[in-house]
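Presented below is the structure to which this report refers.
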Amino acid sequence: MSDFMGGLSKPPEPPTRSEPSRGVRGRTRETRDGPRGPESVTGFGTGTQRGGGSVAVLRDGAKGFWGETLQLARAVGRTMGVTFKNLVARKPVTVMYPDVRRQYPDRFRGVLALTYDKETGEENCIGCRLCEYICPPQVIKVEMLKAKERNWAKHFTLELYSCEFCELCVQVCPTDAIVMLKTFELATSDRRELLLDKDRLHALGLEHEHSWATGTRLRDMQAPPKAARGEGHRDGATRGEAAVTAPAAAAKPAGTAALAGAGSAEESATPAPAAKADGPSTAEAVKTAAAPPAAPGEVKTKETAE
Amino acid sequence: MTLPPLAQAAIAAFIVLNAVILMVAYVTLLERKFAARMQSRIGPYYVGWPHGWLQPIADALKLMLKEDVVPAAADRWVYNLAPIAFLVPCVLIFATIPFAPGLGVADLNIGILFFLAVSALEIVGLFMGGWGSNNKYALISAMRAVNQIISYDLPFIFTALVPVVLAGSMQLSEIVSAQTGLFGWFVFRAWGLGVLALLAYLVATIAAENRVPFDILEAESELVAGFRVEYSGMKFALIQLGEYAHILGTSFLGALLFLGGWLGPGPAWLGPIWFLLKAIFVFLLITWVRWSFVRIRVDQILAISWKLLLPLSIVLLMAAAFAVAWSGGARV
Ligand code: SF4
Ligand code: SF4
């Protein structure tokens, strides 16, 4: 009687299993083991299909036509109970978006922007092109303007329409010049509007709230704990991270060294010992070599500690 | 001055037709709001702030302004006629529904027979659409629909006949007047037979209208939009209108057969309002089911129809007949 309703829904017979089992627990075991036996094809075909993929509606002990009908009725009641509870007892979770905005998380990855120095009001970007090198879809183009005190970005363009919002440019920026904003409103009727130049990027930075992430913060966060440094064992994630940074730094060692300003004397000294070390720490060294220009003012305490 | 009967009927038909179209428009809004709340959303809100009162109008305008694309390989006659062939039966079913004593287009003495026969005609338009589009998805979907509607019209008819047996008449107004009195509605009568019949009626209507969870003729992953995949603009609007008109029509019929039609407390002029509220209640039941379940397989749909619903409805009909015969024609 148990396949009273299942005649039509019975799948082609898979190899017979010796002990049929029903129910939620039985089903998962069966699903893992392989196709289910023909015995377990329940009456209505409710929730059972060949090879599992089942909705756990029927419980142990649903036997025969009436048992299954009862189970089905109970399942229907439960399902409709859920939607009814939603209807009467739960408030909608909708945020009325353009009027009301959610609090976006601090690590929000939105539109990119350039920043000004808070104290001096100067542009932070020194045109070092690290972001250009790291960018996977190569949407950043920077041209450096050399000067006595420090360097500047002569041109800075960002093709936001091809950006993949990977935050890598933020991560490598030595002067925290490029950041992400807590906004995602990019809709436009003209694609060219998303080709951002330096002025536009600076304007955007003043317009919207910045995310937490800056180059310094990201690198600090991902640096290994002090005790572990120099011993050569690092976790995989950090190693991968260092390796990503490595080519960028290696590609333009002269640039970074020149930019380092006050730190340039130590600069030549630091990579030398590290170069002798084994793989991971080489990467680490290259990374720290890239790091010093990060903040010319605050000379790396970590490094001097080493 | 009295108008000739034909003119009277035409005026009545005009009023009912427009009322139906308006009701259909707002019933879609109701369904969308209802569904949204079931999913913890808000639903239409801004067009006709607040709560989207103008949304149906905006939708209709949008559909009217849309480009009407006819596939190059379509069978033009069949393709163009299909929406009309689909819509006409769906709206025609309202012709027999009395909204209050004496308020309706035609209170036929075989009203329910007319209703059942005409509402089954919808399938012709549907299949024309599927065939005329010259699109494999549309055709497969239309064939599935025929398959399913044939399966479910039988239980639908059998359950709709239970009140007929209980009331002893096929005239819809007579069926309503047989339900007077406290707990006189057929849901409460005949020792629980009425409730079972209403449930079976609901399942059968949902399936006969191809609504979730029996909506196999529209499947985004395999059949895209089903038989109406090639329709756009106003033709699409007509099909949509027909579909909702059919649902609304069967909701009205359900309210009339099982929930006592216009009967309710209060003065007589409240009758149509009671009737409307009951019909909306039935409609919301159908919507509730729709937004609670996922779809079931084709074979399960057929199995449920032929193996459960059809025997159940026949048994219900026979039980109702026995009950009437047992009591010798008195109220059961
Ligand atoms: S977020 Fe990634 S893709 Fe976008 S500009 Fe920065 S590095 Fe390039
Ligand atoms: S990495 Fe920073 S400082 Fe260098 S070019 Fe890019 S934004 Fe400017």
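Just the heavy atoms: all of them, side chains too, but no hydrogens, waters or symmetry mates, feed the values below. All values reported here derive from a predicted model rather than from experimental measurement. Numbers restart at 1 for each chain; the letters A, B, ... are given by sequence-line order, proteins then strands.
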State whether the number of non-hydrogen atoms from other residues, nucleotides or ligands found under 6.0 Å of B/Tyr244 atom OH is greater than 12. yes

Counting neighbours of CD on A/Glu185 that are heavy atoms of other residues, nucleotides or ligands and sit closer than 6.0 Å, is the number greater than 12? yes

At a heavy-atom distance under 4.5 Å, which candidate from B/Arg37, B/Arg41, B/Gln39 has the highest pair count against chain A? B/Arg37

So what's closer than 4.5 Å to chain A heavy atoms on B/Tyr45: side chain, backbone, both or neither? side chain

If you count heavy atoms of other groups shown closer than 6.0 angstrom to CE of B/Met318, is the number above 12? no

Closest heavy-atom pair, A/Thr94 versus B/Ile42, reported as atoms and distance to 0.1 Å, is OG1-N, 3.3 Å

Below 4.5 Å from any heavy atom of chain B, which atoms of A/Lys85 appear? Answer side chain, backbone, both or neither. neither

Could you pull out every donor-acceptor pair under 3.5 Å between side chains of residues 278-293 of chain B and any protein atom, sequence neighbours left out?
{"residue": "B/Lys278", "atom": "NZ", "partner": "B/Leu259", "partner atom": "O", "Å": "2.8"}
{"residue": "B/Lys278", "atom": "NZ", "partner": "B/Gly261", "partner atom": "O", "Å": "2.9"}
{"residue": "B/Lys278", "atom": "NZ", "partner": "B/Leu263", "partner atom": "O", "Å": "2.5"}
{"residue": "B/Thr287", "atom": "OG1", "partner": "B/Phe283", "partner atom": "O", "Å": "2.7"}
{"residue": "B/Trp288", "atom": "NE1", "partner": "A/Met80", "partner atom": "O", "Å": "3.1"}
{"residue": "B/Trp288", "atom": "NE1", "partner": "A/Thr83", "partner atom": "OG1", "Å": "3.1"}
{"residue": "B/Arg290", "atom": "NH1", "partner": "B/Glu31", "partner atom": "OE2", "Å": "3.2"}
{"residue": "B/Trp291", "atom": "NE1", "partner": "B/Glu31", "partner atom": "OE2", "Å": "3.2"}
{"residue": "B/Ser292", "atom": "OG", "partner": "A/Thr83", "partner atom": "OG1", "Å": "2.7"}
{"residue": "B/Ser292", "atom": "OG", "partner": "B/Trp288", "partner atom": "O", "Å": "2.7"}

